[in-house]
Every structure is written in structure tokens, then in C-alpha cells.
Amino acid sequence: MSGADAVVHPVPGFRLGTVSAGIRKPGRPDLVVMALPETGRAAAVFTRNRFRAAPVRIAERHLAATAPRYLLINTGYANAGTGERGEADALACCRGVAEQAGCAVEAVVPFSTGVIGEPLPVERITAGIPGAFEALEENGWQAAAVGIQTTDTREKIASYQVTLAGGTCTVTGIAKGAGMIRPDMATMLAFLATDAEISDAALADCLRRATERSFNRVTVDGDTSTNDACLLAATGQGPRVPDEGGDFERFQAAVEAVCIDLARAIAADGEGATRLVDVAVEGAQDAAEAERVAFTVAESPLVKTALAAADPNWGRILAAVGRAGIDDLDVDAVVLSIGDQVVAQRGAVAPDYDEAAAAAYLAGSEVRLGVDLGRGGAAATVWTCDLTAEYVRINAEYRT
């Protein structure tokens with residue numbers, strides 16, 4: 001595999017086109033079309049929020065009806081909380097792509113992100129579709145990563161290659177997300193593509209496993225969006241991936257690597273964030289217990305504000321662990337660490353704890369909080385960020 005910081009590998013057969021359609025703010029890229037070949041197939045996961053946006057409902061229906069040929073993504077308006085009109089508007093945008101491409105409406109899968117409760121500017125979106133088609137190219141990943149953003153401050157892109165029995169297989173992906181992030185399935189929007197030839201069942205299984213180990217372990221503010229979606233497309237123009245065995249596991253590892261890179265990038269780019277935080281829990285009785293503790297720490301406003309100040313206020317971490325719902329927790333067995341330094345054990349500060357060194361460590365751009373529960377062999381890591389006054393400003397002014 002090649003690292004995500006290296007070259008972005010185009011995926012044979014997968015094309016992307018990005019334009020500025022003036023959907024909400026003139027002059028910014030805001031409309032993306034992605035094209036799959038006739039050999040393509042896709043798997044997707046969507047938000048579990050009960051107020052599911054119109055494009056989510058349409059996307060699920062279209063994916064169930066036929067293999068997708070085009071993905072249509074707009075920013076600026078989420079098309080959520082828009083009632084019956086929302087579905088009509090989403091379908092009108094799909095028809096605009098279908099007419100341009102000469103394909104069935106059901107072969108177009110819509111995605112939207114932005115402000116909730118306001119109707120889509122359908123005419124602006126459909127007017128931008130021809131330009132997006134003209135821009136379609138296999139090297140369009142970078143532009144698309146910008147075109148799907150809302151409050152993101154940087155593009156999120158990852159690309160890996162893996163050697164299989166039939167040759168080199170590519171997995172490349174982009175994501176957007178900075179706020180309203182506690183996906184419980186994927187992220188606000190993520191799109192991955194591979195040239196693998198793979199069955200529908202194996203593709204869906206691969207995506208499910210990858211999201212559980214990546215996007216389902218990232219949180220910025222504990223809020224789940226109405227529009228969360230993650231799609232993995234396979235063009236079928238590369239090496240075959242079997243339903244099981246070594247090549248499947250190697251392919252799975254590549255997809256997970258892309259998803260983890262994107263999930264960490266989302267946490268690092270949390271609205272107003274100044275540092276990426278890994279909350280690593282071990283010594284749990286099972287994975288669910290480890291995740292519950294990790295999310296309780298990661299979503300604690302008191303822990304997150306202390307991190308914003310690089311303040312090693314370990315009592316806040318201890319308190320979060322204590323309210324994570326483990327009724328029979330032996331507090332004397334819990335060990336807390338900041339980076340490599342043990343800060344608390346047996347319910348009190350560690351004898352050799354150096355607060356100045358802990359504060360200096362927390363001033364970095366990436367930090368790790370460790371929790372050993374001393375109860376078993378299960379572990380889990382959750383990625384989050386600090387909570388700053390800038391987060392409040394961004395969200396207070398989001399619609400202005």
C-alpha cells in the first residue's frame with residue numbers, strides 16, 4: 001500500500017467533475033458529479049438519525065432498484081426537514097443528470113449537505129449539471145474533495161494501492177465533515193472508489209466492516225446528521241477480489257486504511273479544533289464496553305475544553321470514565337495516561353506524575369489519552385478534537 005500522504009491514485013473507470021453552480025455562495029465549488037462505468041456496482045451506509053433527509057431516502061431506493069451510474073452531490077443545502085417537496089426536488093435533480101447522461105433516473109444517486117430546513121435551489125443545481133459533466137475526469141479527486149465541503153477548512157482525501165493475485169488494486173476516497181459529527185454509521189459524506197472486480201455481497205460486507213472500525217469511531221460534538229452517507233463504488237476494471245480469503249482481507253485492509261485516514265482527518269478538522277485527540281481504551285471486558293468509555297471521554301465538554309487549553313486536568317477524564325455506565329467498575333484498577341505518562345492510578349494521582357510535562361505534551365497538534373480499565377482484554381480507540389470558542393462562533397453564525 002502507498003500512504004495517504006503520497007500521490008492520489010486515480011481509479012480506472014471512475015470519473016469526477018466539479019463546478020461552481022452558485023448554489024449558496026457564488027464562486028465556490030459546490031456541485032459534484034461522479035460517474036461509474038456499466039461494469040460498476042456500489043454499497044452504501046446511511047445515517048440512523050430518524051429525521052433522514054430526502055436525498056438519503058431517494059438514494060436508498062435508487063441503490064436498491066439498480067446499479068448506479070452517477071452520483072450527484074450538492075453543498076449549501078441539506079434538503080432535510082423539507083417534507084414532500086424535498087423528495088420532489090431531489091428527484092428533479094436526479095432527472096437533470098439522467099437527461100444529460102441518457103440513463104434511468106434510478107441510476108442517479110443524490111447526496112446533499114448544508115443548511116437544514118431550506119428547499120433546494122433546483123434550477124441552480126440543474127443548470128450546473130452540464131458543466132460538471134464536461135469536467136468529468138479520472139484525476140478529479142482533488143477538486144471534488146473541495147467541492148463537497150461546507151465548514152471544512154481543508155480537503156480530506158486518502159489513497160492506497162494493494163497487490164492482489166490479479167494485480168494492483170486501487171482504493172481512493174474523499175470525505176467532508178467538521179461539525180455535527182457523531183455518525184453512528186459513516187460520516188456526513190464520504191465517497192470511496194476502487195477498480196476491484198467484486199461481488200455485491202463482498203463489497204457491502206467490506207464497507208460495513210470498514211465503517212465500524214473508522215467512521216463509527218469519530219466524534220466532534222456528539223451530534224448525528226440527517227444526511228450522513230458513505231458510499232463505496234467498484235468499477236470492476238481491476239483485479240478480482242474473492243468473497244473471502246487472503247486477497248479479500250488485503251483488500252479489506254486497504255479500504256479500512258482509507259476510511260481511518262478520512263475519519264482522523266474529520267476529527268482533526270473539527271469546527272474550531274486545534275488538535276486531534278486519540279482516546280484509547282484498553283482492559284475492557286468487551287469491545288462495546290471499551291467504545292462506551294472512549295466515547296464518554298471523547299464527548300465530555302469538560303475534557304474537550306481542558307484539551308483546548310492544553311490543561312492536563314485528569315480529574316475530568318476520571319469523572320467521565322466513572323459515569324460511562326460500568327456499574328461494577330473497580331476504580332482502583334483504572335490507570336489513566338496522557339501520552340506515555342501515567343497520570344492517575346488506584347483512584348489518585350500517580351507518584352511520578354509531572355504536570356508540566358503533561359501540559360507541554362497536550363500543546364501538540366496530536367495527542368493521546370489512555371484509559372486502562374483493568375477488566376479484560378478488549379480495546380477501542382475513538383478519534384475526537386478539542387472544543388474551543390471558535391466552535392461556538394461557527395455554529396452560532398452558520399446560517400448568517
L63 vs P68 side-chain heavy atoms within contact, under 4.5 Å: yes
Verdict with reasoning, F215 to L262, per side chain to side chain contact (heavy atoms under 4.5 Å, CB included): CA-CA 8 Å; F215 297 123; L262 294 175; 3.9 Å; yes
Residues that T151 engages under side-chain contact (heavy atoms from CB on, under 4.5 Å), provided they are two or more places apart: A178, E271, I394, Y398
Whether D286 side chain and E289 backbone form a donor-acceptor pair below 3.5 Å: yes
side-chain contact (heavy atoms from CB on, under 4.5 Å) partners for E212, two or more places apart: R48, N216
Atom of V11, atom of A193 and distance for their closest heavy-atom approach: CG2-O, 3.5 Å
Pairs satisfying salt bridge (charged side-chain N to carboxylate O under 4.0 Å, His left out), at least one member in residues 64-88, at least two apart: R57-E87, R61-E87, R85-D89
Test side chain to side chain contact (heavy atoms under 4.5 Å, CB included) applied to I266 and I181, step by step: CA-CA 8 Å; I266 288 166; I181 298 293; 4.0 Å; yes
Shared hydrophobic cluster for M180 and V115 (ILVMFWY, side-chain gaps under 4.5 Å): no
Side chains of V277 and L369 in contact at under 4.5 Å (non-hydrogen atoms): yes
4.5 Å side-chain heavy-atom contact, D228 and T224: yes
Show me, pair by pair, the donor-acceptor contacts under 3.5 angstrom made by side chains of residues 242-249, not counting sequence neighbours?
from	atom 1	to	atom 2	distance (Å)
D243	OD1	S199	OG	2.8
D247	OD1	R250	NE	3.3
D247	OD1	R250	NH2	2.9
D247	OD2	A165	N	3.0
E249	OE1	R209	NH2	3.2

Chi angles and distances behind the side chain to side chain contact (heavy atoms under 4.5 Å, CB included) call for N227, S112: CA-CA 7 Å; N227 292 59; S112 299; 4.1 Å; yes
Short side-chain to backbone donor-acceptor contact, S159 and H9, under 3.5 Å: yes
Nearest-0.5 Å distance that lies between atom OG1 in T170 and atom CG in D195: 4.5 Å
Separation between CG of D221 and CG of L387, rounded to the nearest 0.5 Å: 8.5 Å
Validation row: T381, V281 side chains within 4.5 angstrom (heavy atoms): no
A287 to A378 - nearest heavy-atom pair and separation: N-CB, 3.6 Å
Expected list for residues 301-321: side-chain donor-acceptor pairs under 3.5 angstrom, two or more places apart:
from	atom 1	to	atom 2	distance (Å)
K304	NZ	V220	O	2.9
K304	NZ	T384	OG1	2.9
K304	NZ	C385	O	2.7
T305	OG1	P301	O	2.8
T305	OG1	L302	O	3.1
T305	OG1	R316	NH1	3.4
R316	NH1	L302	O	2.7

R41 side chain vs I198 backbone, donor-acceptor pair below 3.5 Å: yes
pair M34-R15: side-chain heavy atoms closer than 4.5 Å: no
Residues which pass side chain to side chain donor-acceptor pair (under 3.5 Å) with T39, listed by chain and number, not counting sequence neighbours: none
Donor-acceptor contact present, side-chain T235 to main-chain G40, <3.5 Å: no
Heavy-atom check, side chain of T226 versus side chain of I116, under 4.5 Å: yes
Closest approach of G347 to D332 (non-hydrogen atoms, all atoms of both residues): N-OD1, 4.3 Å
Sequence neighbours excluded - salt bridge (charged side-chain N to carboxylate O under 4.0 Å, His left out) pairs with any residue from residues 346-372: R264-E366
Rounded distance (nearest 0.5 Å) linking atom CG of L231 with atom CZ of F191: 7.0 Å
Main-chain N/O of W383 paired with R217 side-chain donor or acceptor, under 3.5 Å: no
Side-chain cluster (under 4.5 Å, hydrophobic types only) that V122 belongs to, other residues: V19, I23, L31, V33, Y70, L72, Y77, V97, V108, L120, I125, I129, F133, L136
Backbone N/O of G177 and side chain of D152: donor-acceptor pair under 3.5 Å: yes
Approximate separation, where rounding is to 0.5 Å, of R52 CZ and I58 CD1: 11.5 Å
Euclidean distance, L189 CG relative to I73 CD1, rounded to 0.5 Å: 7.5 Å
Min side-chain heavy-atom separation I338-V367 under 4.5 Å: no
Short N-O contact, R275 and D386, less than 4.0 angstrom: yes
Partners passing salt bridge (Lys or Arg N to Asp or Glu O under 4.0 Å) against E397 (at least two apart in sequence or in another chain): R393
Side chain to side chain contact (heavy atoms under 4.5 Å, CB included) between V8 and Q142, intermediate numbers included: CA-CA 8 Å; V8 176; Q142 202 78 33; 4.2 Å; yes
Criterion salt bridge (Lys or Arg N to Asp or Glu O under 4.0 Å) on E256 and R213, from CA distance to verdict: CA-CA 7 Å; E256 285 184 17; R213 298 170 185 174; 2.6 Å; yes
Donor-acceptor under 3.5 Å (R292 side chain, A324 main chain): yes
Q252 versus A210, closest heavy-atom pair with distance: NE2-N, 3.6 Å
Nearest atoms (heavy-atom pairs only) where V171 meets A254: CG2-CB, 4.1 Å
Exam field: side chain S337 to backbone D340, donor-acceptor pair closer than 3.5 Å: no
Contact list for residues 319-330, test salt bridge (charged side-chain N to carboxylate O under 4.0 Å, His left out), sequence neighbours left out: D328-R375
From K176 atom NZ to D269 atom CG, the distance as rounded to the nearest 0.5 Å: 10.0 Å
Partner residues of F14 under the ring pair (Phe, Tyr, Trp, His ring centres under 6.0 Å) criterion, sequence neighbours left out: W141
Test item: D205 side-chain N/O and A201 main-chain N/O as donor-acceptor pair under 3.5 Å: no
Any P351 side-chain heavy atom under 4.5 Å of Q345 side chain: yes
T274 versus T388, closest heavy-atom pair with distance: CG2-CG2, 4.2 Å
Salt bridge (charged side-chain N to carboxylate O under 4.0 Å, His left out) partners of residues 20-36, not counting sequence neighbours, each pair once: R24-E118
P55 backbone acceptor or donor facing N79 side chain under 3.5 Å: no
